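What you see is a predicted model, and the numbers here were worked out from it, not measured in a lab. In what follows, every chain begins at residue 1, and chains take the letters A, B, ... in the order their sequences are listed.
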2 protein chains.
Amino acid sequence: MNAERQSWKEVRDRIRDQILDRTYAPGDKLPRDADIAEQFGCARTTVQRAMQDLSDTGLIERKRKGGTHVRTDPVSRATLDIPITRLEVEKSGATYGYQLIDRRKLPMPRDIAAKLEQVEPIPMLRVQALHLADHNPHIFEDRWVSLETAPEILDVDLTRYSANEWLVRNKPYTRFDLRIYAISADEKIAKMLATEPGSALLVIDRTTWIGTATITSVRSFTVPGYQLLASN
Amino acid sequence: MNAERQSWKEVRDRIRDQILDRTYAPGDKLPRDADIAEQFGCARTTVQRAMQDLSDTGLIERKRKGGTHVRTDPVSRATLDIPITRLEVEKSGATYGYQLIDRRKLPMPRDIAAKLEQVEPIPMLRVQALHLADHNPHIFEDRWVSLETAPEILDVDLTRYSANEWLVRNKPYTRFDLRIYAISADEKIAKMLATEPGSALLVIDRTTWIGTATITSVRSFTVPGYQLLASN
DNA sequence: CAGTGGTCTAGACCACGCA
DNA sequence: GCGTGGTCTAGACCACTGT
């Protein structure tokens, strides 16, 4: 008998191999799940699972009635893990430090309102803080927290605990988005990160929601040389 | 009326809500799948699917025998789509242009070898090219292609077609990784991107493999202001 | 309308990892 | 060992969407 060490991964790999070796070229239509299942001698559910995975990674495209096709323009779909800064630092073996720079209630600026998809102005807390690695600046964060969604933040001792950590532990989000880009450090940021004005910095803007309610929007200025890693 | 619109998403959302409202706090153990299934009046498979999703997005952690726990340190797991540059430009409504800068066989430099996890030196083709949007520089790419894995690249007219596109269409990868960071443009890069030396640029290093064989390693220098977007 | 992928079920066995 | 999640099966019905 075939002896086939069954599993949906096995099926996925074999289909992927057939795509790689051009048995099915970009644009080609693959057989229906049912036929593939029969060919492999497994249940359709198993094929479904394998196909789902190939679809998730962007190699194929599936449509009801239309069938399954090899994508003409494969997408690189990478998973990016944004860790809690403290854990990231500690994992690297360095000593983590944290320093509150500023904390005040302020009216919500226009650009923040836009990011939060917020029309009505809501009361917000602005928190600026510095994350340290081995006593050196690592990330400077400029954060706006909605006092409607997270009023309890006012009672948190932000000189000791980072707003980041409190929020992530107490206000899980249902949705977020990220914007990653590079800027030249202006004088203030440079001083904060103990680097030269004009240094190239990686900046990460991140906004989170819980349902449709906005939680926080934070701009993180990373120290020169900081890298984000992703893979599939 | 509840009307139980059954589906694994329904189950996922209800569990997530219970985590958000602290019915299950960070660190807590959730009931076994079987019990949840009974509670919801659905099959265990359906619960399994829902849990899988919550696990994928980093909200819970599952272990055989250990059971399911709410993560103490939720990870922000974002999906990052790296499109083919031409499609990205065209999608923005701009006219795409492409220009080959240099193409030559070269011995593999040490740092590239390291990125490719390659011990033995292999013959490589170095391709430098510029992607344009509305006749303005958009991305400058500095690429190394393995001639062992992709010897056919030598026959491709790279003055007309980008190596990126040829590779993505003809050498699908099974694995890749990304490294994203910021640099200050040096004189050469600045000239290439028609900007000032010292400008902050977002740089993306990407290396791809097919199985354990290396395909290509490319460093993309993006024009000032370029942004990467990700979300969940 | 009809074909194809998406989901669900009930039940079974497997595999990992904690006690 | 044994409890829990992971996978598989065979069959059913649903929901899109191309023709």
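- Looking only at distances, a side-chain donor or acceptor of A:T57 sits under 3.5 Å from a matching main-chain atom of A:L54.
- Rounded to an integer number of Å, the gap from CZ of A:R62 to C1' of C:dT7 is 12 Å.
- In this structure, A:S92 has no side-chain hydrogen bond (donor to acceptor under 3.5 Å, both in side chains) partners at least two apart in sequence or on a different chain.
- Rounding to the nearest 0.5 angstrom, the gap separating the CH2 atom in A:W209 from the OG atom in A:S217 is 8.0 Å.
- Among residue pairs with one or both ends in residues 26-38 of chain B, those qualifying as salt bridge (Lys or Arg N to Asp or Glu O under 4.0 Å) are B:R32-B:D35, B:D33-B:R62; sequence neighbours excluded.
- Between the P atom of D:dT7 and the CG atom of A:D53 lies a distance of 11 Å, rounded to the nearest Å.
- Scanning residues 28-36 of chain B for heavy-atom distances under 4.0 Å to DNA chain C yields an empty list.
- Computed from coordinates, the B:E61 CD to D:dT4 P distance equals 18 Å when rounded to whole Å.
- In this structure, the CD atom of B:Q52 is 18 Å from the P atom of D:dT4, given to the nearest Å.
- Not counting sequence neighbours, the partners of B:D53 by the side-chain hydrogen bond (donor to acceptor under 3.5 Å, both in side chains) test are B:R12.
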The contact string for nucleotides 11-19 of chain C, one letter per nucleotide 5' to 3', using protein heavy atoms under 4.0 Å with B, S and - for base, sugar-phosphate only and none, comes out as BB--BBBB-
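- Across the protein-nucleic acid pair, A:Q48 atom CD and D:dC14 atom P stand 17 Å apart, rounded to whole Å.
- Not a single side-chain hydrogen bond (donor to acceptor under 3.5 Å, both in side chains) links B:H138 to another residue, sequence neighbours left out.
- In this structure, the NE2 atom of A:H69 is 11 Å from the C1' atom of D:dG18, given to the nearest Å.
- As rounded to whole Å, 12 Å separates atom P of D:dT9 from atom CZ of A:F40.
- Residues meeting the ring pair (Phe, Tyr, Trp, His ring centres under 6.0 Å) test with B:Y24, sequence neighbours left out: none.
- The distance from atom CD of B:E38 to atom P of C:dA10 is 12 Å, rounded to the nearest whole Å.
- Identified under the salt bridge (Lys or Arg N to Asp or Glu O under 4.0 Å) test for residues 152-168 of chain A, with sequence neighbours left out: A:R86-A:E165, A:E152-A:K171, A:E165-A:R169.
- Checking the phosphate oxygens (OP1, OP2) of D:dT4, no side-chain nitrogen or oxygen of B:T68 falls inside 4.0 Å.
- A search for salt bridge (charged side-chain N to carboxylate O under 4.0 Å, His left out) contacts involving B:D205 returns B:K115, B:R219, not counting sequence neighbours.
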